[in-house]
Amino acid sequence: MDVQGLDFEELYQGTTPIGRKMPWDLGAPQPAVVALADAGEFGGDVLDIGCGLGDNSAFLASRGLRVTGLDGAPSAIAQASARAAEKGLDIEFAVADATKLEGYEGRFDTVLDSALYHCLSEEERHSYLAALTRAARPGARLHLFAFSTELPDAFPAPYLISEANLRETVGENWTIEVLEPTLYTTSMDPEELRQSVRVVLDADPAGLQAMKTDADGRVLVPVWRLKAVRSAG
């Protein structure tokens with residue numbers, strides 16, 4: 001299903017038919033990110049790019065990491081800052097263009113992209129990876145989650161990403177160490193997802209029947225999990 005051209009600022013303001021419950025807003029860190037942190041995959045200065053409402057940033061900061069959360073939507077950054085303040089966490093949040101990242105050159109040891117990449121067009125992805133390369137220090141780690149081509153057609157996704165696309169785009173300046181399919185947790189149960197597709201997108205949700213759920217009944221979506229290391233050059 002084509003939902004390209006989403007206005008994320010409007011989404012975070014709650015002024016679209018989707019309302020304020022967005023599929024990626026768990027009110028908690030993404031479990032796949034928690035698993036990475038438990039495995040010791042974050043260190044040094046961390047960039048959470050496309051941080052949204054900042055729950056992953058807050059989780060990583062609670063683990064004692066220095067975190068910068070950047071997003072293109074001012075309303076997301078305002079809400080992320082408020083959530084972090086409520087938790088007493090010191091996180092640098094700012095509005096930034098992910099395809100440029102001006103002023104952040106050579107700053108980060110770990111980069112988290114938790115579902116930003118698949119929101120970008122093909123041209124934007126190349127600019128984005130070039131910007132990440134400039135913002136990361138040599139030897140930095142990149143952890144990226146992106147919707148895969150295994151998603152059902154009925155699922156509302158901006159773009160579906162192939163393995164070849166990631167290898168070409170990320171592999172230009174980063175050494176890919178892990179690229180494997182995994183599952184990503186949404187905030188919606190199956191009926192909420194079907195209702196969203198029916199009412200908001202005026203589409204048939206029948207193709208969503210077979211999607212898996214977690215122990216809390218939340219829909220799980222197929223994504224790529226990529227880990228890569230920035231080249232020294």
Side-chain angles (χ1 to χ4, degrees), residues 1-36 49-53 55-56 71-73 76 98 112-125 128 143-170 178-226:
M1 179 181 299
D2 184 357
V3 290
Q4 297 167 17
L6 280 174
D7 187 323
F8 284 93
E9 175 61 14
E10 289 186 356
L11 284 172
Y12 286 115
Q13 289 177 0
T15 56
T16 69
I18 197 173
R20 289 198 174 275
K21 182 166 186 179
M22 291 168 282
W24 56 88
D25 179 18
L26 304 182
Q30 171 62 225
V33 173
V34 175
L36 286 176
I49 185 66
C51 66
L53 298 170
D55 291 312
N56 288 328
D71 200 281
L112 171 64
D113 174 340
S114 182
L116 169 63
Y117 184 89
H118 59 235
C119 297
L120 304 174
S121 69
E122 179 64 21
E123 181 179 356
E124 288 171 333
R125 287 176 213 138
Y128 168 55
H143 297 292
L144 183 152
F145 296 94
F147 287 152
S148 82
T149 51
E150 296 302 310
L151 262 178
D153 290 341
F155 190 89
Y159 295 95
L160 301 184
I161 306 301
S162 69
E163 178 181 354
N165 178 278
L166 286 168
R167 291 197 181 278
E168 176 189 357
T169 309
V170 180
V178 177
L179 182 51
E180 63 184 13
T182 190
L183 293 171
Y184 193 84
T185 307
T186 73
S187 66
M188 294 187 168
D189 65 32
E191 181 51 36
E192 287 173 328
L193 179 59
R194 288 192 292 269
Q195 184 72 359
S196 178
V197 169
R198 274 194 300 264
V199 175
V200 179
L201 301 174
D202 191 25
D204 182 1
L208 302 173
Q209 299 288 354
M211 296 193 75
K212 297 179 180 179
T213 57
D214 69 1
D216 296 317
R218 298 176 298 188
V219 173
L220 300 171
V221 297
V223 297
W224 291 110
R225 178 177 84 87
L226 178 146

Residue pair [X] / [Y]: nearest heavy atoms and the distance that separates them:
X: Phe147; Y: Tyr159; result: CB-O, 3.9 Å
X: Pro190; Y: Gly217; result: CD-O, 3.4 Å
X: Tyr128; Y: Ala98; result: CD1-O, 3.3 Å

### Heavy-atom neighbours of Glu150 CD exceed 12 at 6.0 Å
no

How about [X] and [Y]: do any of their side-chain heavy atoms sit closer than 4.5 Å?
X: Thr186; Y: Leu193; result: no
X: Gln30; Y: Thr185; result: yes
X: Leu26; Y: Pro31; result: yes
X: Phe145; Y: Leu36; result: yes
X: Val223; Y: His118; result: no
X: Leu144; Y: Leu166; result: yes

### Matching residue for Leu151 among Ile161, Leu208, Leu160 - test: side-chain contact (heavy atoms from CB on, under 4.5 Å)
Leu160

[atom2] on [Y] to [atom1] on [X], rounded to 0.5 Å:
X: Leu179; Y: Thr182; atom1: CG; atom2: OG1; value: 11.5 Å
X: Leu183; Y: Thr213; atom1: CG; atom2: OG1; value: 10.5 Å
X: Asp71; Y: Leu53; atom1: CG; atom2: CG; value: 8.5 Å

Can you name the residues that form a salt bridge (Lys or Arg N to Asp or Glu O under 4.0 Å) with [X], not counting sequence neighbours?
X: Arg225; result: Glu180
X: Asp55; result: Arg83
X: Glu163; result: Arg167
X: Glu122; result: Arg125

### Query
What residues, two or more places apart in sequence or in another chain, satisfy side chain to side chain donor-acceptor pair (under 3.5 Å) together with Ser121?
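Expected list: Glu124.
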
### Task
Could I get the full list of side chain to side chain donor-acceptor pair (under 3.5 Å) partners for Thr169, not counting sequence neighbours?
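For Thr169, the residues satisfying side chain to side chain donor-acceptor pair (under 3.5 Å) (neighbours in sequence not counted) are Tyr117.
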
### Task
Ignoring hydrogens and angles, tell me if any N or O in the side chain of Trp24 forms a donor-acceptor pair with the backbone of Ala115 under 3.5 Å.
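No, because the side chain of Trp24 does not come within donor-acceptor range (under 3.5 Å) of the backbone of Ala115.
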
### Query
Quick one: does Asp216's side chain have a donor or acceptor within less than 3.5 Å of a partner on Arg218's backbone?
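Side chain of Asp216 to backbone of Arg218, a donor-acceptor pair under 3.5 Å: no, none is there.
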
